[in-house]
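Below, chain A is the first sequence line, B the second, and so on; all start at residue 1. None of these values were measured; they are calculated from a predicted model. Just the heavy atoms: all of them, side chains too, but no hydrogens, waters or symmetry mates, feed the values below.
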Amino acid sequence: MSDIKKFMYVNRKAPYGTIYAWESLEVVLIGAAFEQDVSLAFVDDGVYQLCKGQDTTGLGIKNFSATYRALGDYDVSKLYVEKESLEARGLTLDDLMPLTYEDADDDYAEKDSIRVVSSQEMAELFEQSDVLFNF
Amino acid sequence: MSDIKKFMYVNRKAPYGTIYAWESLEVVLIGAAFEQDVSLAFVDDGVYQLCKGQDTTGLGIKNFSATYRALGDYDVSKLYVEKESLEARGLTLDDLMPLTYEDADDDYAEKDSIRVVSSQEMAELFEQSDVLFNF
Amino acid sequence: MSILHTVNKSPFDRNSLESCVRLAAKGGAVLMIEDGVYGAMKGTTASDMVTNAMKDLTFYVLGPDLKARGVDEGKLIDGVKVVDYNGFVTLTVENDKVQSWL
Amino acid sequence: MSILHTVNKSPFDRNSLESCVRLAAKGGAVLMIEDGVYGAMKGTTASDMVTNAMKDLTFYVLGPDLKARGVDEGKLIDGVKVVDYNGFVTLTVENDKVQSWL
Amino acid sequence: MKLSIQVNEGPYNHEASVSALNYTKAALEAGHEIFRVFFYHDGVNNGTRYTTPPQDDINIANTWSELAEKHGLDLVVCVAAAQRRGIVDEGEQQRNGKDGNNIAAGFRISGLGQLIEAGIQSDRLVVFGD
Amino acid sequence: MKLSIQVNEGPYNHEASVSALNYTKAALEAGHEIFRVFFYHDGVNNGTRYTTPPQDDINIANTWSELAEKHGLDLVVCVAAAQRRGIVDEGEQQRNGKDGNNIAAGFRISGLGQLIEAGIQSDRLVVFGD
C-alpha cells in the first residue's frame, strides 16, 4: 500500500434537518491537512447539500453552505454527484452552487469541482477507494 | 369537553434499533394512572413491536416485550394494528404476541386487546382522538 | 374535527409523508417542515403523491425551512401554501389537534 | 477489491437498503444489522429487491439482531446467510473495506 | 389558547429543538400560553449547561434558559430519559451518588406524569422530533 | 488486523453504540487490534459518567470504560462535537469556564485529526450510526 490513501467521504443526508452534513464537512476540512487523495460523494438526499441560495436567517442557525466553496482552496476538488439522485429530486446541475478549484497541474486554470456521474460510475468510485467515511 | 380525554399513542418505529418504542411504552404505563381513555396505534414499523419470540440475550440489552403483556392489567386494552402495515411486512396476527385483558363490564371475561383495522379505520380513530402522542 | 399533520422528513429518505397521506382523514392539513419541505417540490418522484392527495388534504410548507435549503418558491407544487412560524401557530389553533409524523 | 456493506435501517422506513443495492458493485457483501434485519424477511414488499440483487451481491444478516426482534430464521429469504458478531468481524476482514449505509 | 410542546431530540444533531424554539417564540408572540415544554428521549440533552457551541451558531441551551426566564416557561426534563443520558440536577446528584450536576438554568427534572398532565391540561400538544 | 471503529449516536437512543460494543468485543476476541474508537456526532454522549441507567439494562458508558481498561482501548471523543453537546473533561472545563466536567473513565477528548489518523493507520474503519 502506498503512503497516500484514497479517502471517500460519502454524503447521503440533507443539510440542516440533521447535523451530519455539516459535521462531515468539518472532517473534510481537518482531513485536508493530512495530504491524502480526497473525494466526496453526494448521493440520495446528500445532493441537497450543494443547492444554491441557502439562507438560514429565518431559522436563526448557522449557514454553512459557503464552506463548500472554500473546498477548492483546501485542494479538495473532486466532488462526485450521482445523476440518478439529482433526477429523482427534479434537480439539475444548474440548481447546485458553482464550485471550482485552480488546477496546479494546468497553470492554475479554474476548473469545475462538481462532476455528475451515474450510479454505476459512483459504485466504481467506491470500489476504487481505500477508506469510506460514512456519517 | 368532558373530564376524560381520548389519548392515542401512535407507534411507528421498530423496537431496539431506536429507543422510541420502549420510552413510548413507559409513557403509556405512567399515563395509565391518570384514568384517561387510552388507545395505542401500531402502524408502519411500529407493528414489529408486537412480534412474538423477542430475545435480546445476544445483544446484552433489556428485552421489554413482556411489558406489552402487562398492559391489560393497567386497563390498557385497545391496541389497534394497521392491516396494511402488517401485510406489507409479510406478517399476520399469528406473528404477534397474544395480548388479552379482562373485561370488567363482561364478568371479567378474557378478551383480545389487539384489533386489526384498515388504514381508513385507523384514520378515523386518529380523528376521534383528543390528543395524539408521537414518538 | 380536523388534524394538523406535520411531516419533517424528506420523502426520498423516509416513509413519513407516504404514511401521512395514507392515514390522514379527508379535510386535514399537512404542514411540511424541516427536511419535509423537499416533499413540496414539483418535478420529483414524490410530487404525484402530493398532487393526488390534494383532493382530500390541504398542503402547507414552512417558509424559513424552504429558504434555509435554497428551495425557490417557484419550484413548489401548485397549490402548496407557504407559511411562516406565525402561520404554523395559526394552523395549530385552527385544527383540533396535531399529529407529528416523526 | 470488494466492499462489505452494512445496512442498519428497515427498508420500509428508509431508503438505505435500496441505495445500497443501487450503488454496490458486483461481488460485494451486504450485512443487515439492527433494524436492517427486517430486509432479510421473505414475503414482504421489499423481498424482491433483495432476491433480484442476489445475482450480484451476497446477503448476510446478524443473528443476535434477528433474535432480538423475534424473526425466525425460517422466515428469511432463501440464500441469506445468518452470522453472529464473530462472523461480522470475519466479513470485515475478508472484504477490503466497509461502507455503512446509515 | 393553552399549548404544550414536546421535544424528542438533542440540540444540534437534529433540527427538532430549533423548530421547537422558533415555534414557542411565535406562539408566545401570538399571545398563547405555553403550559409546558417537555423534553423526552434525547431531547433531555437540551438541558445541559455544559455546552460551548461555536460562536457563529445558535446557543440552544441558553436560548431556552433566556426564554424560560423572560416568559416563566416550565421546561421539564424527563427523569427516566435523563438518567439514561446523563442529565443531572442537584436532587438526582444526591440520589444517584454523582459528583456533580449539569442541568441548565430554567430546566427542572421531573416524571413522565408531567407529559400526561400537559396532554390533559393543554388545548394542543405539538411534538418535535426525529 | 488493525481496526478502527466510529460511533455516531448516543447511548440508548439508537442501537449503534451497543452494536459497536458487541463488534469491538468480538474483534478483540478474534485477536484483532483496535487502533481507536472514535465518538462523533451524538456518539460523544457515550462518554459521560453522569448516566444512571436502569438496573435491568446495560450500562453503556461503564461497559466502554471497563473494556478500555481491560484492553487498553483508545476511546476518543471529538472535541467540536463534544462542545456542542456538553461533554467536558478537565481541560475543556478550564478552557470554556465550566464549573465541572462529566467525562467517563477511559475516554479522552481530542480533535478530528484523530479520526483521519485512524483512517490512515487502520486496515479497516467500521462505522456505527443512524
Exercise for review: Look at atom NZ of A:Lys6 and say whether more than 12 heavy atoms of other residues, nucleotides or ligands are closer to it than 6.0 Å.
Suggested key: no
Practice item. Would you indicate whether A:Glu124, at its atom CD, is surrounded by more than 12 heavy atoms from other residues, nucleotides or ligands within a distance under 6.0 Å? Key: yes
Check your understanding: Between F:Leu115 and F:Gln6, is a side-chain contact (heavy atoms from CB on, under 4.5 Å) present by the stated rule, with each step listed?
Key -> CA-CA 8 Å; F:Leu115 173 59; F:Gln6 183 182 331; 3.6 Å; yes
Check your understanding: For chain A, which of F:Ser122, F:Gly129, F:Gly119 has the most heavy-atom pairs under 4.5 Å?
Key -> F:Gly119
Looking only at heavy atoms, which two atoms of [X] and [Y] are closest? And how far apart?
X: F:Asp130; Y: A:Lys13; value: O-NZ, 2.6 Å
X: F:Ala118; Y: F:Ser4; value: CB-OG, 3.5 Å
X: A:Ala14; Y: A:Ala21; value: O-CB, 4.2 Å

Review point. Using non-hydrogen atoms and a limit below 4.5 Å, what part of residues 74-93 of chain F faces chain A?
Key: F:Ala80, F:Ala81, F:Arg84, F:Arg85
**Study point:** Close approach to chain A in residues 31-52 of chain F, criterion heavy atom under 4.5 Å
**Key:** F:Tyr40, F:His41
Does a side-chain heavy-atom distance below 4.5 Å link [X] with [Y]?
X: A:Val81; Y: A:Val117; result: no
X: A:Leu132; Y: F:Leu125; result: no
X: F:Ile116; Y: F:Ile120; result: yes
X: F:Ser65; Y: F:Phe107; result: yes
X: A:Leu71; Y: A:Leu25; result: yes

Check your understanding: Side chain, backbone, both or neither: which part of F:Glu9 has a heavy atom under 4.5 Å from chain A?
Key -> side chain
Under 3.5 Å, is there a donor on one side chain and an acceptor on the other for [X] and [Y]?
X: F:Glu66; Y: F:Thr63; result: no
X: A:Ser118; Y: A:Glu82; result: no
X: A:Asn63; Y: A:Tyr16; result: yes

Exercise for review: Please list, in residue-number order, every residue in residues 27-50 of chain A that has a heavy atom less than 4.5 Å from any heavy atom of chain F; write 'none' if there are none.
Suggested key: A:Val27, A:Ile30, A:Gly31, A:Phe34, A:Gln36
Study note, to complete from the structure: Ordered numerically, the heavy-atom neighbours of chain F under 4.5 Å found in residues 92-109 of chain A are none
Practice item. Would you confirm whether F:Tyr12, through its side chain, and F:Ile60, through its main-chain N or O, come within 3.5 Å as a donor-acceptor pair? Key: yes
Exercise for review: Evaluate side-chain contact (heavy atoms from CB on, under 4.5 Å) for A:Trp22 paired with A:Thr67, printing each intermediate quantity in order.
Suggested key: CA-CA 9 Å; A:Trp22 169 230; A:Thr67 310; 3.8 Å; yes
Point to revise | salt_bridge(F:Glu29, F:Lys25) N-O dist < 4.0 Å | key: no
Practice item. Return the orientation label for the A:Phe135 and A:Phe133 ring planes: parallel under 30°, perpendicular over 60°, tilted otherwise. Key: parallel
Review point. So what's closer than 4.5 Å to chain F heavy atoms on A:Phe7: side chain, backbone, both or neither?
Key: side chain
